[in-house]
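One structure below.
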Amino acid sequence: LEAARPSRLGLDAFLEHYGDVFEHSPWVAETAWKQGFTDQHDDPDVLADCMGNVLKGADIDQQIAVIRAHPDLAGKAALAGELTQDSTREQAGAGLDQCSAEEFERFQRLNQAYQDKFGFPFVIAVKGLDRHAILYAFEKRLENDAATERQTAIEQIIQIARFRLHMRAAEAA
Ligand code: GUN
């Protein structure tokens, strides 16, 4: 049953397809490919699991670098149109491009407070959330300790990657 097995992509082709699933962090996809667990690259959940395991198994410094690669929600880069295509779509999908001046101010204050407390930006999988739910989660998570937030951010980033992989599979079909 040879034909049932998806063909393995070479490293370059794999990175071409999936290198940007983790924001500005292609080493996650590269490490997953080198571990050899990416043969079933046409199954988004299999890929999300194996790339997610790479990130979970990474050093704390590497994890923090991946968290720091994320733009602020409703931040200056978003206003300036400097986000990746995925981030632009995700932030707009949650209505973050529709903030009132007051909501925008609130995001700026929370982004700053969060960054000051933890040293990395607030990351949340925004799929299915509106900006009110995001602001509520933001204030709650500000009360956590740094280890809990780092752990939560990594889980959220893997969730974001899973969603991006599903979007890509749907678009390719
Ligand atoms: N969740 C989904 N997309 C993003 C993003 O661009 N930035 C942050 N901080 N969280 C996200």
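Atoms within each ligand, like the ligands themselves, are counted from 1 in listed order.
Listed for the Q108 side chain is a donor-acceptor partner under 3.5 Å among the backbone atoms of A74. Looking at E82, its side chain never comes within 3.5 Å of a backbone N or O of A78 through a donor-acceptor pair.
Nearest protein heavy-atom contact of atom 1 (N) of ligand 1 is I124 O, 2.5 Å. Among all protein heavy atoms, the one lying closest to atom 7 (N) of ligand 1 is P71 O, 3.0 Å. Ranking the protein heavy atoms by distance from atom 3 (N) of ligand 1 puts E90 OE1, 2.7 Å first.
With no hydrogens or angles considered, a side-chain donor-acceptor pair links Q112 and D116 at under 3.5 Å.
Classification of the Y18-F14 ring pair by plane angle, with boundaries at 30° and 60°, yields tilted. By the 30° and 60° cut-offs, the orientation of the rings of F138 relative to F122 is parallel.
Taking every heavy atom of F122 and a limit of under 4.0 angstrom, the matching atoms of ligand 1 come to 8 (C), 9 (N).
At under 3.5 Å, a nitrogen or oxygen of S87, whether backbone or side chain, sits near a nitrogen or oxygen of ligand 1. Considering backbone and side-chain N/O of Q91, one or more are found under 3.5 Å from N/O of ligand 1.
With a 4.0 Å heavy-atom cut-off, ligand 1 is reached by the backbone of V123 and by its side chain too.
Within the 4.0 Å heavy-atom shell around ligand 1 one does not find P121.
E103 places a side-chain heavy atom less than 4.5 Å from the side chain of H132.
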